[in-house]
Amino acid sequence: MLTKTDFIQYLSCPKSLWLKQRKPEVYPEGEFSEYAKKLAAEGYLVENYVRQLVQGWPDAEACSFQDVFETGEGLHARADMLRANEDGTVDIFEIKSSTSVKDSNPHNQLKDAAFQTIVAVKTGRKVRNIFIVHLNKDYVRNGEIDPAGLLTFADETTRVKGLLAETEQQITDALALLNEAAIDESSCRCLTLSRSHHCDSFGYFNPGIPKYSIYSLPRLSGRKLENFVSEGRFGLDQIELNEVTRLQRPIIQAHNVKNPFVDVADIENFISVLEYPLYFLDYETYASAIPIVDGTGPQEQLPFQFSLHVLHEHGGIDHFEYLADQPESPRQLVETLQGAIGATGSVVTWNKAFENTRNKEMANAFPNQRDFLLGLVDRTVDLMDVFKTGYVDIRFNGSTSIKKVLPVVVPDLSYEGMEIADGTAAMDGWNKMINEEDSEKRAQLRTALLAYCELDTLAMVRIFQFAQTLVRDR
Ligand code: SF4
């Protein structure tokens with residue numbers, strides 16, 4: 001059977017779909033399934049508002065949801081919404097949680113609609129118009145959700161019909177591939193693409209690639225990657241230092257000498273510009289397809305929590321935190337933060353673009369706190385930078401994520417075993433907490449959320465202190 005989700009996976013990578021269907025026992029259920037599940041869950045949320053809106057249409061009776069089409073050759077499609085027209089034709093509505101029509105890879109929504117149309121036609125429907133229903137990016141919630149303002153109906157009939165011949169051929173190819181009992185499993189096309197393109201099946205299809213390899217080098221150009229691959233040079237010990245950039249060099253050095261690469265001057269440069277007290281700040285945010293509080297729009301990031309560790313020059317540490325108990329604008333969060341952060345002192349974050357973007361968004365939303373929030377932006381530094389060129393351990397494997405750095409440089413502090421242990425789980429946990437009626441479960445989620453965010457900023461403090469000792473003990 002080939003479903004629409006399968007077909008989208010096929011377009012993204014034929015081999016990964018083959019593996020999933022023909023050898024499910026070795027297929028790593030990873031990010032593609034998670035991504036598909038997230039899209040489906042958001043799609044259902046949006047569909048509820050489409051249903052509300054359609055009830056007011058004069059031809060509401062002619063509209064149906066989740067109709068299934070199946071063909072003898074194994075194609076399976078479920079139309080989000082179908083409208084039966086008086087002339088015997090149908091209109092197809094694909095419902096999406098995006099804020100525009102996505103018409104390019106990796107997830108081309110026009111191809112979804114083309115797949116649905118082909119399967120509908122093969123099962124005897126005559127398709128007249130094809131719509132992509134998506135969220136209106138300019139919609140701002142004010143009270144109850146207004147489905148008419150929230151939704152945009154984009155008539156994509158011409159563009160989708162223009163893709164039918166090509167899509168039909170791809171469906172034929174996908175079915176043929178799935179009928180193959182064996183394929184070349186000795187490598188896959190991501191060999192010449194950077195790690196961000198690899199799916200969880202990369203290791204299965206390329207078992208000979210060492211753990212620390214050319215894919216551990218950040219921002220390796222496509223041309224260099226292709227050269228290394230064509231010459232069969234995958235190991236870091238096969239790459240000369242003069243073949244790579246300043247950012248990539250420390251990773252090779254750390255690998256080859258089997259010790260961390262340390263540039264004390266680089267770390268000192270970072271530390272010397274800091275002004276005490278140091279404010280280690282981290283936000284948790286919730287991005288929801290349907291805005292959950294007034295004044296926000298679809299897919300906007302809503303800060304619901306912060307943790308702040310304050311490190312004083314004499315070594316004392318204070319901790320402040322905030323966690324919204326219900327969906328609310330982040331006004332109170334900002335006011336609490338303002339009460340905890342003094343007029344001077346550097347703000348230390350990990351990946352400062354994220355916190356700074358939130359601060360700028362909140363500065364626009366709250367004019368009274370604008371100066372404070374924009375002041376934070378000016379005072380913010382990025383501790384992650386130290387681990388790009390100042391201190392590089394091969395066990396980071398080319399990553400500068402705090403989840404990679406912490407266990408290496410501060411092994412006694414860990415996210416392991418925490419009920420909530422990453423940002424996605426925090427988002428999910430908060431959503432559960434604000435909807436939980438059982439007070440005990442609610443309190444448990446609250447404790448887990450507070451523990452996770454506190455660890456994020458405590459981890460920064462300890463990593464910073466580790467960097468300080470490198471300078472002090474040189
Ligand atoms: S890593 Fe291989 S299997 Fe995975 S998407 Fe890339 S080509 Fe496909």
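The shown structure was predicted, so the numbers you read here are calculated from the model rather than taken from an experiment. Both ligands and their constituent atoms are indexed starting at 1 by order of listing. Residues: numbered from 1 along the sequence shown.
Ring-centre distance between Trp18 and Phe205: not below the 6.0 Å cut-off.
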Salt bridge (charged side-chain N to carboxylate O under 4.0 Å, His left out) between Glu185 and Arg22, intermediate numbers included: CA-CA 12 Å; Glu185 297 179 37; Arg22 301 297 301 229; over 6 Å; no
Report the C-alpha separation of Glu226 and Lys224 in whole Å, then their side-chain angles, then the decisive distance to 0.1 Å, and conclude whether the salt bridge (charged side-chain N to carboxylate O under 4.0 Å, His left out) test is met. CA-CA 5 Å; Glu226 274 179 31; Lys224 269 191 201 162; over 6 Å; no
Using the salt bridge (charged side-chain N to carboxylate O under 4.0 Å, His left out) rule, take Asp103 and Arg159 through it: C-alpha gap first, then chi angles, then the decisive distance, then the call. CA-CA 10 Å; Asp103 57 4; Arg159 289 209 290 170; 2.8 Å; yes
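You'll find the side chain of Arg249 stays beyond 4.5 Å of the side chain of Asn242, heavy atoms only.
Annotation: Glu25, atom CD; neighbour count of heavy atoms from other residues, nucleotides and ligands within 6.0 Å is above 12.
Closer than 2.8 Å to atom 6 (Fe) of ligand 1 sit the protein N, O or S atoms Cys190 SG.
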